[in-house]
Amino acid sequence: MNAGIIGLGSYAPDQILTNEDLEKKIDTSDEWIRTRTGIEERRIAAPEENTSHMAFKAAQEAIKDAGINPEQIGLILVATVTPDNPFPSVATMLQEQLGASNAAAMDVSAACAGFMYGIVTAKQFVETDTYSHVLVVGVEKLSKITNWEDRNTAVLFGDGAGAVIVSKVSEGRGILSFELGANGSGGKYLQQDGPYLTMNGREVFKFAVRQMGESAVNVIEKAGLNKEDVDMLIPHQANIRIMEAARERLELPIEKMSKTIHKYGNTSSASIPLSLKEEVMNGKVNDDDVIVMVGFGGGLTWGAIALKWGR
Ligand code: COA
């Protein structure tokens, strides 16, 4: 039996920062941001709202949705590059807050591909019967490492969290295939350099357009499926033009690609679980649907999963 997702949760802070709000702070325009990125607004955590708090909210919901007790969780993986502190990890903070007394806990650092790395790691432990339930959280408070005077990056990012419980699911469902990868030689293109995130947008764009399509095609082939079998593509929400390139590579109609970037911006490791939750909630993902999730990020890193939905 494969590992799959049995519970889902998400959290977005209340405060909305619109493109118009940004126009007042930096030399940019709503028109530029919309047409170049697809972003209309993003959520920003309050100064006192930590990464661990957002993670806790999403995790609590995922545990409830899965119908398990926190004590049944064997491992907590938190994908984040914006932890409250370098240590203790956000995962150990969650372990305490949730009362997950039997769980091992660690953070996973793979930037925007972190959630993919977390899910694939969880799969290994579940399918070898090491742990029955693994909590995987993607959470980011990017606002605290954003240089609000740098228009190249300030318009792109937002805060939020998404969480899933990975456990064994019925025969034929669950994770069908995956791909993870890294290319450290591109690390300089997207990094935290001192207090702030810095980026070479053009280089990241070129890499992302190529890698998102390639990884998506690879997991479809590894699962023994064809492009037509895909019911929903959930790409990392970094830029609508990058997402569209992946969709075109899979020859999917527009309604088969998840799009939440307009309201959340790029929430890094949170973007895929946030989007998945919305598609499931809106009835766009149903039992036995084939979902392809694909992400890329700083490192450079990338990851993709083909999954048949359902418990
Ligand atoms: N508002 C207005 N103008 C802006 C701007 C902003 N917020 N940011 C950049 N510009 C300007 C640039 O200064 C440049 O002006 P110039 O030609 O006078 O130098 C012009 O817009 C075009 O810049 P360019 O870099 O060619 O734009 P682009 O079409 O490549 O879009 C990004 C820029 C950042 C949106 C795009 O490169 C991108 O999305 N890259 C990937 C980023 C990403 O996904 N990062 C996260 C990975 S997880």
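Atoms within a ligand are numbered from 1 in the order they appear, just like the ligands themselves. Counting from 1, the numbers follow the sequence of the chain as shown.
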Please output the side-chain donor-acceptor pairs of residues 88-98 that fall under 3.5 Å, not counting sequence neighbours, one pair per line with the distance.
from	atom 1	to	atom 2	distance (Å)
Ser89	OG	Thr92	N	3.1
Ser89	OG	Thr92	OG1	3.2
Thr92	OG1	Ser89	N	3.4
Thr92	OG1	Ser89	O	2.8
Gln95	NE2	Ala100	O	3.2

Once the angle between the rings of Phe296 and Phe207 is folded into 0 to 90°, is it parallel (under 30°), tilted (30 to 60°) or perpendicular (over 60°)? perpendicular
Test side chain to side chain contact (heavy atoms under 4.5 Å, CB included) applied to Pro13 - qualifying residues, sequence neighbours left out: Tyr11, Arg43, Ala45, Glu49, Met54, Asp159
Quick one: do Glu40 and Arg34 make a salt bridge, cutoff under 4.0 Å? yes
Exercise: identify the closest heavy-atom pair between Ala55 and Val139: N-CG2, 3.8 Å
Tabulating one pair per line, provide the atom names and distances (0.1 Å) for every N/O atom of ligand 1 that is less than 3.5 Å from a protein N/O atom.
from	atom 1	to	atom 2	distance (Å)
ligand 1	1 (N)	Thr28	OG1	2.7
ligand 1	3 (N)	Trp32	NE1	3.4
ligand 1	3 (N)	Arg151	NH1	3.4
ligand 1	7 (N)	Thr28	OG1	3.2
ligand 1	7 (N)	Arg151	O	2.9
ligand 1	13 (O)	Arg151	NH2	3.0
ligand 1	21 (O)	Trp32	NE1	3.3
ligand 1	25 (O)	Arg202	NE	3.2
ligand 1	26 (O)	Arg202	NE	3.1
ligand 1	26 (O)	Arg202	NH2	2.8
ligand 1	27 (O)	Arg36	NH1	3.1
ligand 1	29 (O)	Arg36	NH1	2.7
ligand 1	29 (O)	Arg241	NH2	3.1
ligand 1	31 (O)	Arg241	NH2	3.3
ligand 1	37 (O)	Gly201	O	3.2
ligand 1	39 (O)	Asn239	ND2	2.7
ligand 1	40 (N)	Gly201	O	2.9

I'd like a table of donor-acceptor pairs (distance under 3.5 Å, sequence neighbours excluded) in which one partner is a side-chain atom from residues 63-72, with atom names and distances.
from	atom 1	to	atom 2	distance (Å)
Asp65	OD2	Leu8	N	2.8
Gln72	OE1	Asn69	N	2.7

